[in-house]
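Working notes, structure below.
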Amino acid sequence: MPELAKDLTGTINHKLAATSPSGIRAFDRSVSKIPGIIKLTLGEPDMDTPEHVKQAAIKSIQDNDSHYAPQMGKPELLKAISGYIKRTRGIDYDPENEVVVTVGATEALAATLFTLLNTGDKVIIPTPVFALYFPLVAMTGATPIQVDTSADDFVLTPEKLEEVLQKEGHGVRAVLLNYPSNPTGREYPEETLQGLAKVIEKHRLYAIADEIYSDLVYGVDHYSMASIIPDRTIFISGLSKSHAMTGYRLGYVAGPQEIMASIGKMHAFLVTTVTNNVQASAIEALNNGQDDPVEFRKIYEKRRDFVTAGLRELGFEMSTPEGAFYIFAKIPEAFGKDDVKFATELAHQAKVGVTPGSAFGAGGEGYVRLSYASSDEDLHEALNRIGNFVKELN
């Protein structure tokens with residue numbers, strides 16, 4: 001086993017060295033080896049990818065579709081993405097110049113942030129939120145400005161955004177919004193988005209809209225910032241959640257042609273192009289799988305209602321999630337705000353894995369995130385175990 005030469009120790013990117021790994025993944029790894037644990041830690045759908053989507057990927061391989069795809073994406077897929085956005089958001093993106101296919105929404109975020117930001121810039125990020133945003137912004141040399149939204153039921157209000165922008169002064173380049181939200185499941189009402197759009201226009205900012213969970217909403221309508229200010233919005237999504245395709249790594253980004261040329265350039269530097277059979281499966285999902293998320297949504301909504309009701313009976317407080325497949329619950333008073341201690345003891349004593357809320361930034365302290373993208377059997381057993389654990393606290 002080779003060891004690094006001693007004279008090379010510490011010779012790495014200093015921004016990367018100063019950046020901690022994902023707290024979500026780190027905690028998941030720390031509890032994954034506990035025998036018999038039920039993991040509700042990751043946003044991993046337990047559904048199978050629809051059969052017709054899998055068959056499209058298989059056919060691509062059988063047809064020897066094994067050469068480099070166009071860097072921005074296969075023309076059929078770009079057209080399918082453009083058509084989906086037109087149907088759902090009413091925005092007419094040119095598939096040739098305003099859409100880029102990426103390796104998951106994560107790469108779409110990375111390509112976008114490294115395109116837009118320079119050292120000294122700032123990005124407003126409402127929290128609690130998916131923690132990957134913070135290191136990605138920091139790696140560009142910009143500063144992530146966390147805005148705690150816990151006092152406003154986990155939604156960034158136009159008034160709060162204006163207040164933060166006045167405080168931060170020059171240097172803010174973008175507002176990064178995730179809705180429905182990971183970890184809270186909160187949606188943004190149209191009125192709130194309209195108000196935020198006015199503030200964003202006033203301060204001449206970009207809006208980066210991560211809408212990866214938009215096909216999984218319950219009892220509410222999903223509105224997109226891209227529909228309100230398309231000239232300022234970078235729209236990011238993918239098929240990981242809507243079609244249970246997390247391992248396929250298929251995402252995309254859309255926006256005005258002038259900025260998409262640069263985002264496409266950065267994308268090409270990062271990954272060259274996206275795997276052919278994955279693109280074939282995405283074409284099938286978007287063109288012939290519009291009903292797939294509908295069926296998944298019915299299952300998730302039933303699970304959401306079961307878990308929220310069960311947790312409330314045990315004394316947990318939470319807002320009812322309106323989308324995604326997470327519950328962000330306030331931990332029992334006996335633990336104060338020590339969500340890491342609560343989640344650690346729950347894992348070791350009750351053998352249920354949840355994610356500490358502090359992993360999602362400011363405002364997450366004192367909460368835990370539970371994913372209900374798990375089997376009904378696991379969710380029933382997890383609630384029983386959590387119930388026994390909580391009873392022992394009292």
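It should be emphasised that the depicted structure is a prediction, and the values quoted were computed from it without experimental measurement. Computed from heavy atoms alone, side chains included, the values below leave out hydrogens, waters and symmetry copies.
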Enumerate, atom names and distances included, each donor-acceptor pair closer than 3.5 Å involving a side-chain atom of residues 76-84, sequence neighbours excluded.
residue: S82; atom: OG; partner: Y93; partner atom: O; Å: 2.5
residue: Y84; atom: OH; partner: R89; partner atom: NH1; Å: 3.2
residue: Y84; atom: OH; partner: D215; partner atom: OD1; Å: 3.2
residue: Y84; atom: OH; partner: D215; partner atom: OD2; Å: 2.9

Using the six-membered ring wherever Trp is involved, compare the ring planes of F328 and F360 and label them parallel, tilted or perpendicular (cut-offs 30° and 60°). perpendicular

Name the orientation class of the two ring planes belonging to Y179 and H222 (parallel below 30°, tilted from 30 to 60°, perpendicular beyond 60°). parallel

Would one find more than 12 heavy atoms of other residues, nucleotides or ligands at under 6.0 Å from atom NZ of K330? no

Short N-O contact, K198 and E201, less than 4.0 angstrom: no

Any Lys/Arg nitrogen of E295 or K298 sitting under 4.0 Å from an Asp/Glu carboxylate oxygen of the other? yes

Does a donor on one side chain and an acceptor on the other come within less than 3.5 Å for T115 and T112? no

I'd like to know if K202 and E162 make a salt bridge, using a cut-off of under 4.0 Å between side-chain N and carboxylate O. yes

Could you check whether D210 and Y133, counting side-chain N and O atoms only, form a donor-acceptor pair closer than 3.5 Å? yes

Any side-chain donor near an acceptor of the partner, S224 and E211, under 3.5 Å: yes

Charged N to carboxylate O under 4.0 angstrom, K122 versus E168? yes

Short side-chain donor-acceptor distance under 3.5 Å, N182 and R369: yes

For D339 versus G357, what's the shortest heavy-atom pair and its separation? OD2-N, 3.2 Å

Under the criterion side chain to side chain donor-acceptor pair (under 3.5 Å), I'd like the reasoning laid out for N276 against H67: C-alpha separation, chi angles, the key distance, then a yes or no. CA-CA 8 Å; N276 281 310; H67 301 285; over 6 Å; no

Please determine, by modelled atom types, if S374 and D46 share a side-chain donor-acceptor pair under 3.5 angstrom. no

Any Y206 side-chain heavy atom under 4.5 Å of I234 side chain: yes

Exceeds 12 heavy-atom contacts within 6.0 angstrom, atom CD of Q349: yes

Can I get a per-line list of side-chain donor-acceptor pairs under 3.5 Å for residues 248-255, giving both atom names and the distance, sequence neighbours left out?
residue: R249; atom: NH1; partner: S240; partner atom: OG; Å: 3.3
residue: R249; atom: NH1; partner: T246; partner atom: O; Å: 3.0

Out of curiosity, S32 OG to I34 CD1, how far, rounded to the nearest 0.5 Å? 8.5 Å

Once rounded to the nearest 0.5 Å, what's the spacing between atom OG1 of T49 and atom CD of E284? 12.5 Å

Heavy atoms from other residues, nucleotides or ligands near NZ of K351 exceed 12 (cutoff 6.0 Å): yes

Determine, using ring centers only, whether F342 and F389 are less than 6.0 Å apart. yes

Quick one: do I125 and V175 end up in the same hydrophobic cluster if we chain Ile, Leu, Val, Met, Phe, Trp and Tyr together by side-chain heavy atoms under 4.5 Å apart? no

Determine whether the aromatic ring centres of F154 and Y367 lie less than 6.0 Å apart. yes

Do the two ring centres, one from F296 and one from H243, sit under 6.0 Å apart? no

For Q166, I'd like to know if atom CD has over 12 heavy atoms of other residues, nucleotides or ligands within 6.0 Å. yes

Taking atom OG of S281 and atom NZ of K59, what is their separation to the nearest 0.5 Å? 13.5 Å

Check whether L156 and I236 end up in the same hydrophobic cluster, where Ile, Leu, Val, Met, Phe, Trp and Tyr are linked by side-chain heavy atoms less than 4.5 Å apart. no

Side chains of T275 and N277, donor plus acceptor under 3.5 Å: no

Sidechain-backbone polar pair: K241 side chain, G43 backbone, donor-acceptor under 3.5 Å: yes

Centre-to-centre under 6.0 Å for F325 and Y213, is that the case here? yes

Give a yes or no on whether E345 atom CD has more than 12 heavy-atom contacts from other residues, nucleotides or ligands under 6.0 Å away. yes

Minimum side-chain heavy-atom gap I200-I229 below 4.5 Å: yes

In Å, rounded to the nearest 0.5 Å, how long is the span from CG of L196 to CE of M225? 5.0 Å

Side chains of D148 and T127 only: does a donor on one sit below 3.5 Å from an acceptor on the other? no

Could you tell me whether E381 and R385 have a side-chain N and a carboxylate O separated by less than 4.0 Å? yes

Side-chain donor-acceptor pair present, Q71, H267, cut-off under 3.5 Å: no

Decide if atom CZ of R204 counts as having more than 12 heavy atoms of other residues, nucleotides or ligands within a radius under 6.0 Å. no

Between K160 and T149, do the side chains contain a donor N or O and an acceptor N or O under 3.5 Å apart? no

Start with the C-alpha gap between M318 and L311, add the side-chain angles, then the distance that decides, and say whether side chain to side chain contact (heavy atoms under 4.5 Å, CB included) holds. CA-CA 9 Å; M318 72 213 75; L311 288 174; 3.6 Å; yes

